[in-house]
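First the proteins, then the strands, lettered A, B, ... as listed; each starts at 1. What you see is a predicted model; the values in this text were computed from it and never measured.
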Amino acid sequence: MLRMSTLFLRTLRDDPADAEVASHRLLVRAGYIRRAAPGGFSWLPLGWLVYRNVERVVREEMDAAGFQEVHFPALLPREPYEATGRWTEYGDNLFRLQDRKGADFLLAPTHEEMFTLLVKDICGSYKDLPLSIYQIQTKYRDEARPRAGLLRGREFVMKDSYSFDLDDAGLQASYDAHRAAYISLFDRLGLPYVIVSAMSGAMGGSASEEFLAPMDVGEDTFIRCTSCDYAANVEAVVTPVPPAISFDAQREAIVHHTPGTPTIATLVEWVNSDTELRHPERDWTAADTLKNVVVKLRHPDGTIEPLAIGLPGDREVDMKRLEAQVAPAEPEPFDEDDFAKHPSLVKGYIGPGALGSDNASGIRYLVDPRVVDGTAWITGADKRDHHVIDLVAGRDFTPDGTIEAAEIRDGDVCPVCASPVEIARGIEIGHIFQLGRKYAEALDLTVQDEHGKPATPTMGSYGVGVTRALAAIAEAGHDDLGLVWPREIAPADVHIVVAGKLDGPQFPAGERLAADLEAAGLRVLLDDRYGPSPGVKFKDAELIGIPTIAIVGRGVADETAPTIEVKDRRTGEREDIALDAVVAHLVATCRS
RNA sequence: CGGGGUGUAGCGCAGCUUGGUUAGCGCGCCUGCUUUGGGAGCAGGAGGCCGGGAGUUCGAAUCUCCCCACCCCGACCA
């Protein structure tokens with residue numbers, strides 16, 4: 001039994017000044033956590049109870065799915081990460097340190113290498129597969145800017161699983177098993193979530209989905225359809241391809257002298273103001289212009305390749321989407337020196353005439369998927385102060401391919417059902433993806449197949465942010481008064497508030513109720529303090545957020561029909577229950 | 001890493017512009033008395049390297065420079 005009179009706890013009347021988001025503010029104010037280091041937190045008894053509950057739910061769901069728990073050190077040697085290239089690829093976000101002899105170590109941000117090596121150590125036969133193993137471990141990332149309390153720390157707890165299968169069908173089955181386990185896991189945690197398509201990015205691999213808890217404080221932007229269930233991370237959004245248009249109806253492409261049109265807006269205005277150039281049926285818009293942006297790609301082997309991207313002039317290039325598309329290469333700005341090396345590019349007037357492998361610049365030219373055959377564009381004429389109008393894709397120019405690099409906007413068309421999509425923000429609480437053989441190959445993991453030949457297993461990787469999920473639950477379940485925990489992870493089932501005089505019946509009644517509830521198997525927090533006034537105790541109970549509050553107050557003083565008030569923290573509904581029925585009532589409430 | 005803001009008691013803040021008593025207020029904490037259904041009252045008290053360092057000055061919380069930390073925006077980010 002937890003007693004407020006002795007609990008190691010201090011609640012705060014005021015919000016801490018350094019906490020912005022609700023979860024951070026309330027977890028500190030209600031005495032669950034305290035900041036201990038930049039991006040690191042200490043856990044107080046209430047917080048640690050909640051943490052262990054979240055961890056327990058995660059563990060139970062993993063075990064139920066048939067995955068086995070292992071545990072690795074967080075402090076690891078450099079060599080395995082050197083072998084996979086991540087010692088350098090991970091960049092500044094990796095915590096690196098040295099031992100007294102000067103040997104390099106790291107604090108692991110994830111454990112792909114160690115899992116792979118352990119399987120290599122233990123498994124030699126295809127008969128050992130499929131295998132899914134997991135750990136719940138503290139992870140370290142040297143975040144440039146830790147923020148939002150537990151939502152983004154430099155030290156945090158993650159459950160990471162890895163699956164090992166012989167072939168793609170097996171990997172898909174392991175992936176599906178994790179997906180199903182995550183669904184029941186997040187359901188049990190009482191977290192709202194959406195599953196979005198994602199890019200596997202620098203981790204390599206193919207299929208990938210993120211579990212996002214949709215909320216404004218989230219750092220991930222995703223889109224979801226307003227009518228069907230399509231949802232995707234911005235990086236993974238697919239632009240619907242419009243049908244091709246016949247060339248027959250299109251006019252001839254003509255180059256015009258267009259002085260004083262430095263921006264898309266002025267260009268459009270200029271075209272619309274010329275009676276000759278106006279479309280009879282509608283005005284030209286920024287979306288009719290074809291903007292060509294040139295970047296440099298730095299490939300992992302160090303080579304630099306220029307790349308031109310053509311997209312409708314009303315949209316910007318979304319760097320995140322571009323990076324996801326060109327990974328593992330990294331895009332860099334095309335600077336003045338680069339322009340000097342490519343005299344066929346006229347800055348501000350770059351057009352398809354100069355772009356593409358077959359044209360003057362020889363620069364690879366990829367366009368937005370909306371640029372289909374037969375679409376007519378206003379675009380640069382590769383000559384200062386000149387633009388070309390009615391340049392038709394497929395007739396007047398042929399790009400080298402398409403690329404998903406244009407920004408996504410509210411109201412864009414859903415690739416599945418063509419309804420408008422909306423942009424939302426979410427907290428990434430889980431991520432599952434199919435890694436493939438990148439790590440197995442880099443670390444030389446093979447097993448013998450049924451013919452005695454070496455086979456390289458294919459892997460999946462699956463993460464749940466345990467501490468982050470806890471914070472997300474606090475974000476999703478709080479109100480103006482404080483935290484509101486789902487029962488599954490609350491630090492107790494019932495918070496008993498004793499409100500009465502020392503010599504009255506309340507204190508003994510509170511003690512008895514607490515003992516009876518514990519005997520019935522419920523977890524109890526008893527506010528047995530006498531000093532604080534009832535108001536303080538009510539406020540603390542609301543702040544702490546245990547789902548059911550039982551008030552032992554003036555009701556029990558009624559000698560003929562003593563009652564205890566039972567209050568639901570979430571709804572605020574209160575009900576007077578006869579003293580002799582209250583244990584059964586609370587047990588029923590807490591078990592339902 | 002760029003831009004902006006803030007560091008004064010456990011928490012929230014004032015004081016700084018214009019340097020000068022013993023650095024102040026509210027909450028919390030300790031002692032005593034009163035009080036107990038919505039953050040109680042009275043009285044007494046403890047608690048500060050004024051983020052750190054270097055300067056300017058007879059004298060620095062206050063002015064100057066450097067550093068550190070925290071918050072916000074951006075960049076970054078399984």
Side-chain angles (χ1 to χ4, degrees), chain A residues 9-21 24-25 28-29 31 34-35 37-39 86 89-94 108-112 139 141-149 151-154 156 158-162 198-205 208-212 217-221 233 235 319-320 323-324 327 330 333 427-435 438-439 460-465 468 481-482 497-504 506-507 527 529-543 549 551-557 565 567 574 576:
Chain A
L9 172 76
R10 165 126 299 137
T11 58
L12 304 177
R13 186 182 295 225
D14 299 309
D15 284 334
D18 61 356
E20 188 73 12
V21 302
H24 184 195
R25 214 175 61 227
V28 172
R29 195 146 91 82
R34 304 290 280 210
R35 195 193 84 94
R86 291 211 299 169
E89 276 173 22
Y90 221 93
D92 290 338
N93 266 20
L94 188 65
T110 71
H111 280 76
E112 279 81 359
K139 308 284 186 180
R141 285 183 204 171
D142 189 0
E143 293 282 354
R145 189 187 148 205
R147 69 181 109 180
L151 285 175
R152 177 147 167 201
R154 301 162 102 186
F156 54 96
M158 176 182 279
K159 187 287 305 176
D160 51 334
S161 316
Y162 303 86
M199 303 289 293
S200 42
M203 304 298 303
S208 172
E209 289 169 292
E210 286 175 1
F211 288 70
L212 298 181
V217 299
E219 300 190 295
D220 286 350
T221 305
N233 189 309
E235 285 93 332
M319 288 308 288
K320 285 186 175 181
E323 280 171 21
E330 289 176 24
I427 299 171
E428 181 185 349
I429 47 176
H431 195 164
I432 54 177
F433 55 98
Q434 302 189 7
L435 274 182
K438 171 180 170 175
Y439 291 89
S461 165
Y462 318 92
V464 170
R468 180 181 275 186
L481 298 171
V497 173
V498 176
K501 297 191 182 186
L502 254 192
D503 55 1
Q506 288 87 1
F507 279 84
D527 194 344
R529 296 173 297 176
Y530 181 63
S533 67
V536 171
K537 297 164 93 168
F538 293 143
K539 290 290 185 194
D540 274 347
E542 280 146 358
L543 182 58
I549 299 169
I551 301 160
V552 183
R554 54 190 170 212
V556 285
E565 184 177 322
K567 180 175 171 182
R574 30 178 97 195
D576 287 327

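A gap of 30 Å separates the C1' atoms of B/rU56 and B/rC13, to the nearest Å. Across B/rG74 and B/rU31, the matching P atoms stand 49 Å from one another, rounded to whole Å. Atom name P, nucleotides B/rU62 and B/rG51: the rounded distance is 8 Å, in whole Å. The same atom, P, is picked in B/rC66 and in B/rC11; the two are 29 Å apart, to the nearest Å. Nucleotides B/rA69 and B/rG59 are separated by 32 Å at their P atoms, to the nearest Å. A gap of 11 Å separates the C1' atoms of B/rA46 and B/rA9, to the nearest Å. Atom C1' of B/rU35 sits at a distance of 15 Å from the matching atom of B/rA43, rounded to the whole Å. Using P as the reference atom, B/rC33 and B/rA23 are 33 Å apart when rounded to the nearest Å.
In this structure, A/L212 atom CG and B/rA78 atom P are separated by 14 Å, rounded to whole Å. As a whole-Å value, the separation of A/L502 CG from B/rU34 C1' is 14 Å. The separation between A/R154 atom CZ and B/rC76 atom P is 19 Å, rounded to whole Å. If you take CZ of A/R468 and P of B/rC77, they are 14 Å apart, rounded to a whole angstrom. With rounding to whole Å, A/E219 atom CD is found 13 Å from B/rC72 atom C1'. For the pair A/D18 CG and B/rU6 C1', the computed distance is 11 Å after rounding to whole Å. Atom CZ of A/R574 and atom P of B/rG37 are 14 Å apart (whole Å). Counting to the nearest Å, the P atom of B/rC70 and the CZ atom of A/R34 are 16 Å from each other.
Counting only heavy atoms from C-beta on, A/F433 has its side chain closest to B/rA78 among B/rC72, B/rC77, B/rA78. Side chain of A/I551, nearest nucleotide from B/rC72, B/rC11, B/rG37: B/rG37. The nucleotide whose nearest atom lies closest to any side-chain atom of A/D160 is, among B/rG38, B/rA78, B/rG12, B/rA78. Side-chain proximity of A/F538 to B/rG37, B/rA78, B/rG39: nearest is B/rG37. Looking at the side chain of A/H431, the nearest of the listed nucleotides B/rC70, B/rC77, B/rA78 is B/rA78. Side-chain proximity of A/R554 to the nucleotides B/rA75, B/rG12, B/rG37 is greatest for B/rG37. Nearest to the side chain of A/D14, among B/rA40, B/rG12, B/rC77, sits B/rG12.
Across all strands shown, B/rG47 has no partner, as no Watson-Crick or G-U wobble contact with both distances under 3.5 Å is found. Both distances falling under 3.5 Å, in either a Watson-Crick or a G-U wobble arrangement, occur for no nucleotide opposite B/rG19. Of the nucleotides present, none pairs with B/rA78 by Watson-Crick or G-U wobble criteria with both distances under 3.5 Å. Base-pair partner of B/rC27: B/rG10 (Watson-Crick or G-U wobble, both distances under 3.5 Å). Within the shown strands, B/rG55 is the pairing partner of B/rC63 under the Watson-Crick or G-U definition, both distances less than 3.5 Å. Base pairing of B/rG39 is not made with any nucleotide, judged by Watson-Crick or G-U wobble geometry with both donor-acceptor distances under 3.5 Å.
Proximity of A/R13 to the phosphate of B/rG39: no side-chain N or O atom is located under 4.0 Å from OP1 or OP2. A sub-4.0 Å separation between OP1 or OP2 of B/rC70 and a side-chain N or O of A/R35 is present.
Between A/G553 and A/V556 the shortest heavy-atom distance is O-CG2, 2.9 Å. The minimum heavy-atom distance linking A/L502 with A/F507 is given by the pair CA-CD1, 4.2 Å. Nearest approach of A/R141 to A/F156, heavy atoms of both residues: NE-CZ, 3.8 Å.
Among the heavy atoms of the strands lying under 4.0 Å from A/R10 are primed sugar atoms or P, OP1, OP2 only; no base atom is included. Nucleic acid contact class of A/P109 (heavy atoms, under 4.0 Å, all strands): none. Within the 4.0 angstrom heavy-atom criterion, no nucleotide atom of any strand lies near A/F156. Across all strands shown, A/E565 has heavy atoms under 4.0 Å from base atoms, whether or not it also approaches the sugar-phosphate. At the heavy-atom level, A/K139 lies nowhere under 4.0 Å from the strands shown.
Between the side chain of A/D540 and the base of B/rG39 there is at least one donor-acceptor pair of N/O atoms closer than 3.5 Å. The base of B/rG39 does not come close enough to the side chain of A/E542 for any donor and acceptor atom to sit less than 3.5 Å apart.
If you find the closest nucleotide of RNA chain B to A/K539 and to A/E20, the one lying nearer the 5' end belongs to A/K539. Between A/A17 and A/H24, it is A/A17 whose nearest contact on RNA chain B lies nearer the 5' terminus.
A/E112 has no carboxylate O lying under 4.0 Å from a charged side-chain N of A/K438, or vice versa, which leaves the two without a salt bridge. Between A/E542 and A/K567 there is a salt bridge, since at least one side-chain N of the basic residue sits less than 4.0 Å from a carboxylate O of the acidic one.
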inquiry  = Would A/V28 and A/L12 count as a side chain to side chain contact (heavy atoms under 4.5 Å, CB included) here? Give the steps.
reply    = CA-CA 8 Å; A/V28 172; A/L12 304 177; 4.1 Å; yes

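No donor-acceptor pair closer than 3.5 Å links the side chain of A/R154 to the backbone N or O of A/D142.
Summarising the geometry, atom CZ belonging to A/R25 is positioned 8.5 Å from atom CD belonging to A/E20; distances are rounded to the nearest 0.5 Å.
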